[in-house]
Amino acid sequence: MEGAPKISPYRLSFLLRLEKNPSLALELFRNPRATAPATPPKPFRYSARSYDLIICKLGRARMFAEMEDVLHQMSVETRFTPKEALFCHVISFYGRARLPVPALHAFERIASFRCRRTIRSFNSLLHAMINCGDLERVQSLWQDLDEREFVPDACTYNVLIHAATLSGSLGKAWDLFDEMRRKRIRPSVATFGTLVSALCGNSKLDEAFRLKKEMIKLYGVKPNVYIYTSLIKGLCNTNMLDLALKLKQKIILDKDIKLDSAMYSTLIRALFRDGRKGEVVGFLEEMKEKGIKPDTVTYNAMIAGFCEDEKDFDAAFEVLNEMARNGCKPDVMSYNTIIAGFCKERRWRHASELFEDMPRRGCRPDLVTYRTLFEGMCDAGELKDAGLLLDEMVFKGYAPGAVSVRKFVEGVSGEGAGDRVGPALCSLAKLNAAGVEVWEKEIRGLLNQSELLKVVKFMDRLRMD
DNA sequence: TTAGGGTTAG
């Protein structure tokens with residue numbers, strides 16, 4: 001047998017870049033030699049680049065245990081120092097997966113890799129906390145900034161401004177904007193993007209357009225396609241679709257601005273809402289001419305239009321087929337939209353069929369899927385199936401919305417309801433024992449005294465668990 | 001590329 005073919009560290013990076021499957025990439029990374037050599041070889045000299053590639057591939061695929069293994073392996077390498085950017089990525093992978101503790105842990109460990117930590121990874125951490133929905137943590141990290149060695153930059157303020165707008169406080173966003181200028185930190189196009197989007201989202205179109213003018217005149221920052229997409233969405237949401245279309249025509253003439261699928265997705269959704277489905281084809285053709293490929297969001301906008309506005313479910317399914325033909329994978333939102341559409345039409349059986357079919361189609365139902373279908377079943381009075389679905393939900397760790405719980409309990413209340421509601425509440429409370437009082441409040445008044453007693457007994461049993 | 005826009009539900 002011939003010796004193992006030699007693979008250079010450079011070649012390994014090349015192969016890793018090509019390998020789309022993260023598990024296979026990891027296999028390749030762990031065994032860079034094609035076959036096991038007879039004698040123990042010298043340790044493979046992994047390049048910093050191949051660590052970057054494999055860590056990012058694993059992080060994107062949310063294979064965190066494997067990613068941590070490789071990080072650990074990298075921590076004992078002495079031939080190079082990893083770049084801070086890699087840790088920024090790791091932090092944001094955890095943020096996207098809504099895992100605040102590992103994100104924080106990754107940030108704290110940067111120095112142990114002999115890598116200098118700067119405001120960049122701090123910014124990544126702030127942003128990860130936004131993704132985790134933990135706005136309070138953003139606040140506390142920001143307050144502790146003085147104790148750290150960092151000086152905030154434009155990006156720090158952009159994240160903070162974003163957090164302020166998410167918490168619904170435009171006033172706070174403006175305060176931060178002022179503070180930024182006092183500190184002579186120049187606002188970037190992203191700063192204005194966040195503010196314009198927040199203004200549009202609060203129906204303050206006039207202010208949004210004024211800010212767009214100011215950013216050019218006062219700050220010398222040119223609006224980009226992000227800014228215009230927010231403005232177009234704002235116009236669409238205030239029944240000014242024609243103005244939105246005019247604005248788009250104006251931007252087309254600007255050679256510096258490259259339109260993208262996001263802008264078209266916004267317009268396509270708005271056309272459906274306005275009952276102008278017929279014009280959508282023309283927009284799809286325009287995209288094609290400009291070399292802009294429709295993405296999942298574009299298709300989802302069409303699915304939403306067909307389900308919500310046209311009630312044309314065959315057409316919605318045809319969009320799914322079209323996606324497959326164009327190599328675009330439907331995501332959980334694609335399915336949730338159709339399921340919600342069916343439920344609204346009380347066609348819960350159709351909704352249920354699609355739900356059952358999701359795993360085969362390569363998509364895992366999420367919290368929204370379960371909540372939507374559960375509510376649909378409750379609305380249709382299909383309480384038996386709703387109960388079964390509830391069990392499955394709870395098993396997966398998903399809690400239904402309070403409104404649908406109420407509908408469910410209302411629906412099954414009556415003679416012997418305690419027996420039927422009890423187990424369901426029991427499983428609900430398992431999710432979150434602290435929430436027991438909430439459920440108790442929810443059913444009080446709906447059940448008669450003896451039934452309530454049965455439910456409370458179930459809860460008592462729970463508390464002892 | 002550390003930050004901003006677009007499509008569900010609630």
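So you know, we letter chains A, B, ... as the sequences are listed, proteins then strands, and number each from 1. Atoms considered below: every heavy atom in the structure, side chains included; atoms not considered: hydrogens, waters and symmetry mates.
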* Within the pair A:Arg120 and B:dA3, is there a side-chain N or O less than 4.0 Å away from OP1 or OP2? -> no

* Structure fact -> So the side-chain hydrogen bond (donor to acceptor under 3.5 Å, both in side chains) pairs with at least one residue in residues 259-274 of chain A (sequence neighbours excluded) are A:Ser261-A:Asp295, A:Tyr264-A:Glu286, A:Ser265-A:Thr298, A:Arg269-A:Glu308, A:Arg269-A:Asp309

* Reckon A:Val332 touches a base, only the sugar-phosphate, or nothing at all at heavy-atom distances under 4.0 Å? -> nothing

* Below 4.0 angstrom from OP1 or OP2 of B:dA3, is there any side-chain N or O of A:His162? -> no

* To do: Just jot down the side-chain hydrogen bond (donor to acceptor under 3.5 Å, both in side chains) partners of A:Lys246, sequence neighbours excluded, or say none.
  => none

* Within residues 216-236 of chain A, residues whose heavy atoms come under 4.0 Å of DNA chain B -> A:Asn224, A:Val225, A:Tyr226, A:Thr229, A:Ser230, A:Lys233

* To do: Locate the shortest heavy-atom distance separating A:Thr81 from A:Arg114; write the atom from each residue and the value.
  => CG2-O, 2.9 Å

* Asked: From the list B:dT7, B:dT2, B:dT8, which nucleotide is the closest neighbour of the side chain of A:His89?
  -> B:dT2

* Is any side-chain N or O of A:Ser261 under 3.5 Å from a base N or O of B:dG6, one able to act as donor and the other as acceptor? -> yes

* For A:Ser188, report the nucleic acid contact type (base, sugar-phosphate, nothing); a contact means any heavy atom under 4.0 Å. => base

* To do: Assess A:Arg371 against A:Tyr398: is NZ or CZ under 6.0 Å from the centre of the six-membered ring, and within 45 degrees of the ring's axis?
  => no

* A:Ser124 has a side chain; which of B:dG6, B:dT2, B:dA9 sits nearest to it? -> B:dT2

* **Closest to the A:Cys88 side chain, choosing from B:dG4, B:dT2, B:dT8** => B:dT2

* To do: Would you indicate what A:Asp295 reaches in the nucleic acid, counting non-hydrogen atoms under 4.0 angstrom: base, sugar-phosphate, or nothing?
  => base

